[in-house]
Amino acid sequence: MTVRAMFHICMELWGIFICLICAGGIFIATPQKTRRTRIKILMQIACMLLLGADALSWYFHVDAGETTYYMVRISNFSVFCINYIFMSFFATYVWLTVSKHQHRKPAALYAVYALSVIGILLLIITQFTGLFYYFDDHNLYHRGNFYLLSQAIAVLGIALCLFMLISYRKNLDRIIFLSMMSFFVLPVLATIYQALAYGFSLQCLAAVIHTENGMCIRNGRKV
C-alpha cells in the first residue's frame, strides 16, 4: 500500500469516528426524535458508510485476486450510490429547516429525489457498460466517457437545494441564512475539482465537513 493510500484511509477513518460521535450526540441530546432529527442521524450514518466504502476502494485498488476483484467494484459502486442517497437526505434536511412546518413540498425537492433515482439507475447501467467508470484487466479504476454526467447530476442537485434555500429565505434569520449558504461552497468546489482531476476523494470529505456544520443548526437557530 502506498503512503498516499494510507494517508487517505487514515483521514477517512477519522471522519468516520467524528460522524459516529456526532450521531451519538444527536441521538442522546434529542429525546423526542422529530423527522428532522432522524434525517440528521441518517446523514451522519450515510457519511460513515460513504467514508468506509471509499477507504475500502483505496485499500483494495492496488491488490490482485478474487477478493479484490469484487471489493473494488462493491466499494466504488457504494461511493457513487451513497452520494446520490445523501443528496436526497440533504435536500430533505434543507426543506425541513426552511419550511416552518409547511406541508406543501416544492417541486425542487421532488426534482432532487428524481435526480437521485436517475443517478442510481445510471450507476447500475455503468456496471455493464462502463458509463461512469470501468476497470481494466489489472483491476484498476478508470473514468468512463460519461463520468462528467455523474458529477453534473450532483451539481444540479446542489443547485436545486440552494434554490430551495433562497426561495424560503424569509423563513430564516439572516445569520442562519448566511450560515446555510456557506454549506454549499465546499461541496461545489470539491465537485468541480473532482470532475477536473482524479486523486483524493474530496467530495467524500466535503460531505462530512458540511454535514457537521449543518448539525449546528437547530430549529432555524445556530447552536
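Numbers here are sequence positions counted from 1.
With sequence neighbours left out, the side-chain contact (heavy atoms from CB on, under 4.5 Å) criterion links Ile45 to Ile41, Met48, Leu49.
The shortest distance between side-chain heavy atoms of Ser150 and Phe146 does not fall below 4.5 Å. At a threshold of 4.5 Å between non-hydrogen side-chain atoms, the residues Ile18 and Ile21 do not count as touching. Between Ile158 and Met87, the closest side-chain pair of non-hydrogen atoms is not below 4.5 Å. The shortest distance between side-chain heavy atoms of Tyr84 and Val117 does not fall below 4.5 Å. A 4.5 Å side-chain heavy-atom check between Phe90 and Cys161 finds at least one atom pair inside the cut-off.
In the model, Ser75 has no side-chain atom that pairs as donor or acceptor with a side-chain atom of Ser78 under 3.5 Å. A side-chain donor from one of Ser88 and Ser116 sits under 3.5 Å from a side-chain acceptor of the other.
Across Ala108 and Met164, no two heavy atoms sit closer than the pair CB-CG, 3.7 Å. Residues Arg35 and Thr92 approach most closely at NH2-CG2, 3.9 Å, considering heavy atoms. The two residues Val112 and Ala91 come nearest to each other via the heavy atoms CG1-CB, 3.6 Å. Closest heavy-atom contact between Ala23 and Gln44: CB-CB, 3.7 Å.
In this structure, the separation between CZ on Phe80 and CD1 on Ile85 is 14.0 Å, given to the nearest 0.5 Å. Residue Tyr110 holds its OH atom at 5.0 Å from NZ of Lys105, rounded to the nearest 0.5 Å. The distance from atom CG of Leu148 to atom CD1 of Ile153, rounded to the nearest 0.5 Å, is 11.5 Å. Rounded to the nearest 0.5 angstrom, Gln127 CD and Tyr134 OH are separated by 14.5 Å. Taken to the nearest 0.5 Å, the OH atom of Tyr59 stands 10.0 Å off from the CE atom of Met71. For the atom pair OH (Tyr69) and CD1 (Ile74), the distance works out to 11.0 Å, reported to the nearest 0.5 Å.
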Walk me through it: do Tyr141 and Ser57 pass the test side-chain contact (heavy atoms from CB on, under 4.5 Å)?
CA-CA 9 Å; Tyr141 170 95; Ser57 70; over 6 Å; no
Decide yes or no on side-chain contact (heavy atoms from CB on, under 4.5 Å) for Thr97 and Leu172, but give the supporting numbers first.
CA-CA 9 Å; Thr97 301; Leu172 298 174; 4.3 Å; yes
Please report the C-alpha distance between Leu160 and Leu115 in whole Å, then the side-chain angles of each, then the deciding distance to 0.1 Å, and finally whether the side-chain contact (heavy atoms from CB on, under 4.5 Å) criterion is met.
CA-CA 10 Å; Leu160 288 169; Leu115 283 173; 3.7 Å; yes
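Both Leu42 and Val94 sit in one connected hydrophobic cluster of ILVMFWY residues. Membership requires side-chain heavy atoms under 4.5 Å apart, directly or through other members. Phe89 and Phe163 are assigned to two separate hydrophobic clusters, defined by single-linkage of ILVMFWY side chains at heavy-atom distances under 4.5 Å. Phe17 and Ile28 are members of different hydrophobic clusters when ILVMFWY side chains are connected at heavy-atom separations under 4.5 Å. In the hydrophobic cluster analysis, where Ile, Leu, Val, Met, Phe, Trp and Tyr join through side-chain heavy atoms closer than 4.5 angstrom, Leu162 is grouped together with Leu96.
In this pair, Tyr133 and Phe135 present their aromatic rings perpendicular. The plane angle is above 60°, beyond the 30 to 60° band.
No donor-acceptor distance shorter than 3.5 angstrom exists from the side chain of Arg169 to the backbone of Leu165, with no hydrogens or angles considered. Side-chain atoms of Asp54 do not come within 3.5 Å of backbone N or O of Leu50 as any donor-acceptor pair.
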Run the side-chain donor-acceptor check on residues 118-126: report pairs under 3.5 Å with partners two or more places apart or on a different chain.
from	atom 1	to	atom 2	distance (Å)
Thr126	OG1	Leu122	O	2.8
Thr126	OG1	Phe132	N	3.3

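Around atom OH of Tyr113, more than 12 heavy atoms belonging to other residues, nucleotides or ligands sit under 6.0 Å away.
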